[in-house]
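A short worksheet on the structure shown next.
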Amino acid sequence: MLLAIDCGNTNTVFSVWDGEKFLCTFRTSTHHARTADAYFTWFSTLLTHYGVDPDVTDVVIASTVPRVVFNLRIFSERFFGCRPLVVGKPECLLPQEPRVDQGTRPGPDRLANAVGAFDRHGGDVVVVDFGTATNFDVVASDGAYVGGVIAPGVNLSLEALHSGAAALPHVDISQPDKVIGTNTVECIQSGVFWGYIGLITGIIQRIKAEYGRPMKVISTGGLAPLFQQGEDLFDRFEDDLTMHGLTVIHRYNKENGVL
Ligand SMILES: Nc1ncnc2c1ncn2[C@@H]1O[C@H](COP(=O)(O)OP(=O)(O)O)[C@@H](O)[C@H]1O
Ligand SMILES: CC(C)(COP(=O)(O)O)[C@@H](O)C(=O)NCCC(=O)O
Ligand SMILES: [K+]
């Protein structure tokens with residue numbers, strides 16, 4: 001079985017794929033200092049808790065934080081006896097090479113999103129991934145990742161207001177009922193939430209105009225559900241899109257003799 005690991009700047013997600021479906025998905029915070037032994041203790045405790053006993057033979061990793069890969073490699077070798085496939089490394093093949101400026105290294109999460117979206121929907125897709133950053137990943141008709149947009153994430157925007165302005169408290173994001181806030185917390189929530197709705201709407205509209213063909217818009221990532229209710233921004237919400245992309249990349253590398 002395949003263990004797929006998607007490591008973002010905030011959270012690291014582990015999912016076990018049995019070849020047909022995900023058996024379980026566990027989430028922890030991202031820390032480059034977490035050791036292989038600590039990963040295993042955490043992972044095996046959750047497996048026991050949920051009564052899942054997978055026979056992990058392969059590991060695939062996408063990490064937007066290069067430093068964490070070191071300990072994840074040791075984790076994979078020590079506990080599953082396998083060398084992990086790391087997306088973005090030269091030895092890892094992609095079904096379609098990205099078409100971006102020379103020297104650009106697209107985030108491995110964006111490469112996985114593109115592969116996952118192409119596998120499910122064919123090309124001409126925009127993936128909107130609400131993580132630490134909010135990225136828009138454009139997938140061409142042949143499945144290639146061809147670039148997109150990186151915007152400050154929702155929580156980063158809230159954090160920036162709090163850290164940059166002495167009188168502004170830390171606020172959690174939520175959808176305000178109205179736009180005109182009548183206290184500081186409501187004003188901040190309104191600015192970030194409705195500002196974000198404007199950002200998403202505007203960027204999708206501009207991407208579509210520039211791309212010049214009809215496109216499907218898929219949302220994913222930790223904070224995507226927040227923008228799922230009420231507004232008609234996306235064609236679909238797919239929680240597991242990055243993970244799905246990782247399983248497809250792994251299969252492709254197996255079929256092509258890399259593993
Ligand atoms: N269910 C949730 N409710 C509120 N915030 C969440 C939830 N899930 C994730 N987050 C927050 O959303 C942000 C992005 O999450 P995630 O997609 O895991 O980011 P990344 O992939 O960059 O690590 C993080 O700041 C995280 O704390
Ligand atoms: C844009 C990102 C920071 C998003 O990371 P995340 O929010 O998932 O942690 C990541 O994809 C990244 O570091 N990209 C490298 C630059 C690029 O994609 O062009
Ligand atoms: K991500």
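In this text the structure is predicted, and so the values were computed from the model without any measurement. Whatever order the structure lists them in is the order used to number ligands and atoms, beginning at 1.
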>> Looking at non-hydrogen atoms alone, which of Thr220, Leu156, Val13, Thr10 comes nearest to atom 27 (O) of ligand 1?
In response: Thr10
>> Looking at every heavy atom in both Leu85 and His250, which two are closest together, and how far apart are they?
In response: CD2-CA, 3.8 Å
> How far is atom 23 (O) of ligand 1 from its nearest protein heavy atom, and which residue and atom name does that atom have?
Replying inline: Asn11 N, 2.6 Å
> Which one holds for Asp109 and ligand 2: side chain close, backbone close, both close, or neither close, with close meaning a heavy atom under 4.0 Å?
Replying inline: side chain
> Nearest to atom 16 (C) of ligand 2, what protein heavy atom do you find, and at what distance?
Replying inline: Arg105 O, 3.9 Å
>> Does either side chain, that of Tyr196 or that of Thr134, offer a donor lying less than 3.5 Å from an acceptor on the other one?
In response: yes
> Closest approach of Pro152 and Ser157, non-hydrogen atoms and distance?
Replying inline: O-OG, 3.9 Å
> Step by step, would you call Val86 with Arg73 a side chain to side chain contact (heavy atoms under 4.5 Å, CB included)?
Replying inline: CA-CA 9 Å; Val86 182; Arg73 269 188 200 282; 3.7 Å; yes
>> Could you check whether atom CG of Asp53 has more than 12 heavy atoms from other residues, nucleotides or ligands sitting under 6.0 Å from it?
In response: no
> Nearest to atom 11 (C) of ligand 1, what protein heavy atom do you find, and at what distance?
Replying inline: Asn155 ND2, 3.5 Å
> Can you list the ligand 2 atoms lying under 4.0 Å from a non-hydrogen atom of Gly8?
Replying inline: 9 (O)
> Quick one: do the Asn71 and Thr35 side chains pair a donor with an acceptor below 3.5 Å?
Replying inline: no
> For atom CD of Glu91, is the number of surrounding heavy atoms from other residues, nucleotides or ligands below 6.0 Å larger than 12?
Replying inline: yes
>> Taking distance alone, with N or O pairs closer than 3.5 Å, would you say Thr104 contacts ligand 2?
In response: no
> Got the closest protein heavy atom to atom 21 (O) of ligand 1, with its distance?
Replying inline: Gly8 CA, 3.7 Å
> For Phe227, which of Phe234, Phe193, Phe237 qualifies under ring pair (Phe, Tyr, Trp, His ring centres under 6.0 Å)?
Replying inline: Phe193
> Short list, please: which atoms of ligand 2 are under 4.0 Å from a heavy atom of Asn9?
Replying inline: 3 (C), 5 (O), 6 (P), 9 (O)
> If you count the atoms of ligand 1 from 1 in the order shown, which ones are under 4.0 Å from a heavy atom of Phe130?
Replying inline: 14 (C), 17 (O)
> What residue and heavy atom of the protein are closest to atom 6 (C) of ligand 1, and at what distance?
Replying inline: Leu223 CD2, 3.8 Å
> When you measure from atom 20 (P) of ligand 1 to every protein heavy atom, which one gives the shortest distance, and what is it?
Replying inline: Thr132 OG1, 3.6 Å
> Can you find an N or O of Gly222 that's nearer than 3.5 Å to an N or O of ligand 1?
Replying inline: yes
> Can you tell me if Asp124 and Tyr211 form a side-chain donor-acceptor pair at under 3.5 Å?
Replying inline: yes
> Where do Phe79 and Tyr39 land on the ring-ring contact (aromatic ring centres under 6.0 Å, His included) test, with the steps shown first?
Replying inline: CA-CA 10 Å; Phe79 296 103; Tyr39 279 114; 9.9 Å; no
> Which heavy atom in Thr220 sits nearest to a heavy atom in Glu238, and how many Å separate them?
Replying inline: OG1-O, 2.7 Å
>> Among all protein heavy atoms in this structure, tell me which lies nearest to atom 19 (O) of ligand 2, with the distance rounded to 0.1 Å.
In response: Arg110 NH1, 3.4 Å
>> Give me the residue, atom name and distance of the protein heavy atom closest to atom 7 (O) of ligand 2.
In response: Ala133 N, 2.9 Å
>> Tell me the protein heavy atom at minimum distance from atom 12 (C) of ligand 2, and give that distance in Å.
In response: Gly107 CA, 4.0 Å
> Using heavy atoms and a threshold below 4.0 Å, how should the contact between Thr132 and ligand 2 be classified: side chain, backbone, both, or neither?
Replying inline: both
>> List ligand 2 atoms under 4.0 Å from Asn135, heavy atoms only on the residue side.
In response: 1 (C), 4 (C)
